[in-house]
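This report concerns only the one structure given below.
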Amino acid sequence: MDLTKNYDSLEEEPRIQEFWEKNKVYRFDPESKKKIFSIDTPPPTVSGKMHIGHAFSYSQQDFVARYKRMRGFSVFYPFGTDDNGLATIRLVESTKKVKGTRMDRQEFIDLTMEVLNEIRPKYIADWKRIGTSADFDVYYTTINEHCRRISQKSFIDLHKIKRVYKKFAPTLWCPECHTAIAQVELEDREKDTTLDYIKGKLEDGSFIIYATTRPELHPGCVGISIDEKGDYVKVKRPDGEIWAISKDAVEKMEEEFPMEIIKTFKGSSLAGKKVEIKFAERPVFVSHDISAETKYGTGVVYYCSYGGLDCVQWLARHPEAKPVRVMDESGTYTVGPCKGMMSEEARGKMLDELDREGVLIKKEKLHHTTNVHERCGTPIEYIATEQWFIRYLDLKDKFLDAGSRLNWYPPHMKNRYDNWIKGLQWDWCISRQRSFGIPIPVWYCKKCKEVILPDEKDLPIDPVKDRPKKKCRCGSTEFEPEKDVLDTWATSSLTPQIAASLFPKIYDKLYPMDLRPQAHDIITFWLFNTLVKSQLHNNINPWKDVMISGWALDPSGKKMSKSKGNMVEPQEVISKYGADCLRFWASGSKLGEDMPFMEKDLQTGKKMTTKLWNASKFSIMNLGDYKYRKMDAKKINAIDMWLLTKLNKMVKECTEYFDRYEYSKTKLEAEKFFWQSLCDNYLEIIKDRIYNPGNYTKEDIESVKFTLYTSLLYVLKMMAPIMPYITEAVYQLYFAKIEGDKSIHTSKWPEYDKDFVDEDAEKAGDLLVDVSSAVRKVKSEQKLALKTEVKKLTIKCDNNQKKLIEIVIDDLKAVTKAKEIVFGKETDKVSEAFNLGINVEF
RNA sequence: GGGCCCAUAGUCUAGUGGUUAUGAUGUCACCUUGACAUGGUGGAGGUCGCCGGUUCGACUCCGGCUGGGCCCACCA
């Protein structure tokens, strides 16, 4: 770089990045005596490409990391990738055109590892390119040996304290992925379907009418419920048929189905009645249940194993009803007329069958939301299988309490956490029926079925390949391996422990961590799960602070998604504007707020870069061979003191903002100081001193150079966390050799210095700016160039103002090009905008 | 249905119990001045979503409403 050129971020940034890497500027030194600030960096899921939302929130995290580093902390800022989950499997399946469930287990594992090793470096390169100041040597992938060991140890430890258990129970199941999934992996999908009204035959020949959205589950019907306190009726149809429905339902149905009430009674008199349900294995009995309400449907609910969470809960309340298995792991029906079909197809078939049997009376159009698996969009089923769970529903209060001990930035994000916990319905299902992932470290004794756990020192293990080192308690040496793997969240919920144990000697200094930065969409997944693990294992919170970023939205403020095709790729943006511009944009949103992505905002960052470069160019050229030494505040010129006062106040504010993770306000203040005070005014004011040093004393020149040097350096430092490239470029060009730090990013954050704060000087300078502004306005109105000389400038003001202006009168003359300045009353032009009037004679 | 967030010039946005309501972008006029035309100066553009209340005074605090967003639940 040299001063004559324009700054080209596209050319310079890769070079600067290389400089950082070569000099290991962001290296974490475990031996350092500095106080540690540890960050629980989110490990992005390796999925091909970084998206703009990543660029947005990772930039925001990085502002903080860089700030803390400059504040003198030894910043522990590791980097990991999350690559053991379903997302990875899907990536491999789609790029290699294979299907994990149909491949040999080991072959698929090998293939997946191969793909990961190939794409990972390219993927990480995007994070480096946006200027992430993590130490990329402090690295983990959630599938590597280190993570496998810690994750398996976590399983074993929780098993020992009986927090992990295995149970045959209905589970959320994805028929497409062939695996159990967790509540948090569900997504809503709007759907048009029908609510089907069906007749069940009572023993007296009358019919009880129930409505369902899942008629295909008839073979699995296990019961019918009503509200025992509700009002029900028997009605007579024109053809003589007798129906039993709730009283409330009559109103809704009688228009379409003429009916005459012949008897009114309480729901309780239906209880115990036997009902013949078509295609059900055996007759079911009417029972009371709290979930049945007369005002919904017909007031009669039919329950299947398993139509949904409600059915699962109903079965738990009705132990007399035994579940019937109707489908296999692929969601295929194994019994009844729909044998061999999946739910969608089965629904149509079953409706035809029911119609033919004469029990289908009505199909009502219904628009509702169903749960689908977020990874593949497949409607989920509930299937009873054997799964491993972490038992935590009993600890809701503990987690709520732990959550309230975290410092939330911004505070209202805690509500999402609380809301989630209050709504939890299931223990945490951690087993997945996949071949790729961290194996659940368990064998079963073939003889006595006892669970055999490996020794901690042997971890990680793969029970399919490895064998237990000792006999079962019953003496048997025959074992069955557990084939399931752990859900990826079971591992990624251990990132603080995973990262900290990369440096075992200082583990206690790293964990619990200082900060968890992340976006708001995964509060319920990652944040909550991490807290759970830390509480279960160590009874402590995993971090002190959590900082929640918002999302990057599309230009019209809509969420970006692949399906909508409104994604913006950061790579494109960077190759056009550079990383500083992207980061500048990301710094414009308040923490936690979503922000629409608009290309013109990148232009603003570009302008900022150019302005920083040009102002630096001007300053450096004119500082010449200036030897910096701290000046005595008493020897500083008034107008210089004006700027230094503003500078110090800005430093104080910006520091306070950054300590609260309010990087956007820091940026705002620093930008305002730089553009308005420094560039628009100060640089113009001092030009006469700079260009005509002969007209000034040595002290005047020393003062201006000291001020210019300090202000520019401070501005660069304040902006360094946000725009790390341009600030580094200028620092290297000029300041590095004087200041002695190898990088601006390891230099010290400026400190507020009260010696350089002078209220009178600030007021005087402000008056100067007001007057010169008014003069500019006059010149502009008269269509004159700003350099036009003023013969006589008259200022009308009070005595206090006069005294202040006199302090800076030479600078005022210089900046307004006024030959003469007088104070007086003979103003004929009073500017409305100012509380002082001026008169300008040319 | 529950919870949370948001509403400020055409667009995006800052902000505070009393100022002339911030900045960007766009727009209009002027200025090619020895850092910068990727610039500078100035102008126009707002009943701060609506309705009440508290207050001497509300864009700001409180309540309600409307609209938008997010999270959660449910729709048998």
Side-chain angles (χ1 to χ4, degrees), chain A residues 3 6-7 183 186 188 193 195-198 210-214 224-225 289 291-293 296-304 307-311 314 366-371 410 412-425 520-521 523-524 550-551 553 555-559 588-590 592-601 603-622 664-665 668-669 671-672 675-676 679-680 683-684 687 690-691 772-788 817 832-835:
Chain A
L3 285 173
N6 284 337
Y7 178 80
Q183 188 179 347
L186 299 180
D188 286 352
T193 183
L195 178 61
D196 308 310
Y197 290 69
I198 297 158
Y210 54 91
T212 177
T213 51
R214 302 281 318 257
I224 292 245
S225 279
D289 193 79
S291 71
E293 286 178 51
Y296 286 114
T298 62
V300 182
V301 196
Y302 114 126
Y303 290 98
C304 305
L309 183 58
D310 50 332
C311 296
W314 184 90
L366 185 72
H367 184 75
H368 76 156
T369 50
T370 49
N371 286 323
H412 72 257
M413 288 294 176
K414 179 175 177 291
N415 292 317
R416 300 202 185 191
Y417 171 90
D418 289 351
N419 224 13
W420 172 253
I421 294 176
K422 287 174 191 158
L424 268 181
Q425 309 252 27
H520 57 50
D521 53 334
I523 288 174
T524 56
W551 271 342
L553 306 174
S556 59
K558 295 264 182 315
K559 191 173 159 180
S589 114
K590 261 198 300 185
E593 297 276 295
D594 298 343
M595 194 166 58
F597 176 87
M598 277 183 276
E599 190 159 338
K600 66 179 174 65
D601 292 340
Q603 286 288 0
T604 314
K606 190 96 187 158
K607 282 187 178 182
M608 183 67 182
T609 319
T610 307
K611 193 77 174 175
L612 274 170
W613 178 251
N614 285 320
S616 301
K617 198 160 95 173
F618 172 81
S619 307
I620 293 167
M621 281 188 320
N622 290 302
S664 65
K665 290 187 183 166
L668 217 63
E669 288 304 315
E671 192 188 5
K672 209 167 87 185
W675 211 296
Q676 293 177 9
C679 293
D680 290 350
L683 293 186
E684 295 306 322
K687 274 181 180 169
I690 294 282
Y691 294 142
S772 88
S773 219
V775 173
R776 280 172 185 169
K777 192 176 169 182
V778 171
K779 286 179 179 175
S780 181
E781 277 166 352
Q782 302 194 13
K783 309 199 177 213
L784 294 165
L786 293 180
K787 64 174 177 183
T788 309
K817 309 278 179 199
E832 282 170 26
F834 307 99
N835 56 1

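Reminder, nothing fancy here: chain letters follow the sequence lines and each chain counts from 1.
- Look at the C1' atom in both B:G46 and B:U20: the space between them is 14 Å, to the nearest Å.
- Using a 4.0 Å heavy-atom criterion, one finds that A:L195 contacts the sugar-phosphate atoms exclusively.
- Going from the C1' atom of B:G67 to that of B:U27 covers 29 Å, rounded to whole Å.
- For A:S773, a side-chain nitrogen or oxygen approaches OP1 or OP2 of B:G42 to under 4.0 Å.
- Atom CD of A:E593 and atom P of B:C12 are 14 Å apart (whole Å).
- Under 4.0 angstrom from either OP1 or OP2 of B:C72 there lies no side-chain N or O belonging to A:K422.
- Taking all atoms of both residues into account, the shortest heavy-atom contact from A:M413 to A:I523 is O-CD1, 3.9 Å.
- Counting to the nearest Å, the P atom of B:A37 and the NZ atom of A:K606 are 15 Å from each other.
- Applying the 4.0 Å criterion to OP1 and OP2 of B:G15, one finds that A:K665 has a side-chain N or O inside that range.
- With B:A24, B:C5, B:G23 as the choices, the nucleotide that has an atom nearest any side-chain atom of A:T604 turns out to be B:A24.
- Checking B:C70, B:G15, B:C74 against every side-chain atom of A:K590, the shortest atom distance belongs to B:G15.
- Of the candidate nucleotides B:U25, B:U33, B:A14, B:A14 has the atom nearest to the side chain of A:L668.
- Here B:U25 presents its P atom at 12 Å from CE of A:M608, a figure rounded to the nearest Å.
- Nucleotides B:G49 and B:U13 are separated by 14 Å at their P atoms, to the nearest Å.
- Without hydrogens or angle criteria, A:K779 side chain to A:L786 main chain gives a donor-acceptor distance under 3.5 Å.
- For the pair A:N371 CG and B:A73 P, the interatomic distance rounds to 7 Å; values are reported in whole Å.
- Rounded to whole Å, the separation between the C1' atoms of B:U41 and B:G53 comes to 46 Å.
- Across B:C5, B:A73, B:C71, the shortest atom-to-atom separation from the side chain of A:R416 is found for B:C71.
- One finds the CD atom of A:E669 at 10.5 Å from the OG atom of A:S664 (value rounded to the nearest 0.5 Å).
- The shortest distance between the side-chain N/O atoms of A:K672 and the OP1/OP2 oxygens of B:A14 is not below 4.0 Å.
- The 12-atom threshold is not exceeded at NZ of A:K672, counting heavy atoms of other residues, nucleotides or ligands nearer than 6.0 Å.
- Checked against side-chain contact (heavy atoms from CB on, under 4.5 Å), A:K607 has the following partners two or more places apart in sequence or in another chain: A:W675.
- Here B:C36 is the nucleotide among B:C5, B:U38, B:C36 with the atom lying nearest to any side-chain atom of A:E684.
- Summarising the geometry of A:M595 relative to A:G588, their closest heavy-atom pair is SD-C, 4.1 Å, with the distance given to 0.1 Å.
- Between A:G423 and A:F618, the residue anchored nearer the 5' end of RNA chain B, judged by the nucleotide with its closest heavy atom, is A:F618.
- Annotation: B:U16 and B:C74 have their P atoms spaced 40 Å apart (nearest Å).
- Of the candidate nucleotides B:U38, B:C4, B:C12, B:C12 has the atom nearest to the side chain of A:P596.
- Set against B:C5, B:C36, B:C70, the side chain of A:W551 has B:C70 as its closest nucleotide.
- Under a cutoff of 6.0 Å and an axis angle of 45°, A:K687 and A:F618 form a cation-pi pair.
- Ranking B:C12, B:U38, B:G40 by closeness to the A:L786 side chain, first place goes to B:G40.
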Expected output check: what is the dot-bracket annotation of RNA chain B, where ( ) and [ ] are pairs inside the strand (brackets for crossing ones), | is paired with another strand, and pairs are Watson-Crick or G-U under 3.5 Å?
(((((((..(((.....[....))).(((((.......))))).....(((((..]....))))))))))))....
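- Spacing between B:C56 and B:A14 at atom P, rounded to whole Å, works out to 32 Å.
- Across the P atoms, B:G34 and B:C12 are found 39 Å apart, a figure rounded to whole Å.
- Using cut-offs of 30° and 60° for the angle between ring planes, the A:Y302 and A:Y210 rings count as parallel.
- Interatomic distance, A:D680 CG to A:R776 CZ, rounded to the nearest 0.5 Å: 7.0 Å.
- If you check every strand for non-hydrogen atoms under 4.0 Å, A:E293 touches a base.
- What separates CZ of A:R776 from P of B:A29 is a distance of 22 Å, to the nearest Å.
- Side-chain proximity of A:K611 to B:U33, B:C6, B:G39: nearest is B:G39.
- Using a 4.0 Å heavy-atom distance criterion, A:E669 is classed as making no nucleic acid contact.
- Rounded to whole Å, the distance from CD on A:Q603 to P on B:U38 is 11 Å.
- Nucleotides B:G17 and B:G3 place their P atoms 28 Å apart, quoted to the nearest Å.
- To the nearest 0.5 Å, the span separating OG1 on A:T524 from CG on A:N419 amounts to 10.5 Å.
- At a threshold of 4.0 angstrom between heavy atoms, the contacts of A:D680 are confined to the sugar-phosphate backbone, with no base atom among them.
- Across A:C311 and A:G307, no two heavy atoms sit closer than the pair SG-N, 3.4 Å.
- Atom NZ of A:K777 is separated from atom C1' of B:U20 by 11 Å (rounded to the nearest Å).
- Using a 4.0 Å heavy-atom cutoff across all strands shown, A:S619 reaches no nucleic acid atom at all.
- Between A:K607 and A:Y210, the residue anchored closer to the 5' end of RNA chain B is A:K607, taking for each the nucleotide with the nearest heavy atom.
- Residue A:Q425 contributes atom CD, which lies 13 Å from atom P of B:C72 at whole-angstrom precision.
- In this structure, A:C679 reaches the bases: a heavy-atom distance under 4.0 Å links it to at least one base atom across the strands shown.
- A:N415 comes within contact range of the sugar-phosphate backbone alone, with a heavy-atom separation under 4.0 Å but no base atom that close.
- In this structure, the nucleotide among B:G40, B:A14, B:G15 sitting nearest to the side chain of A:W675 is B:G40.
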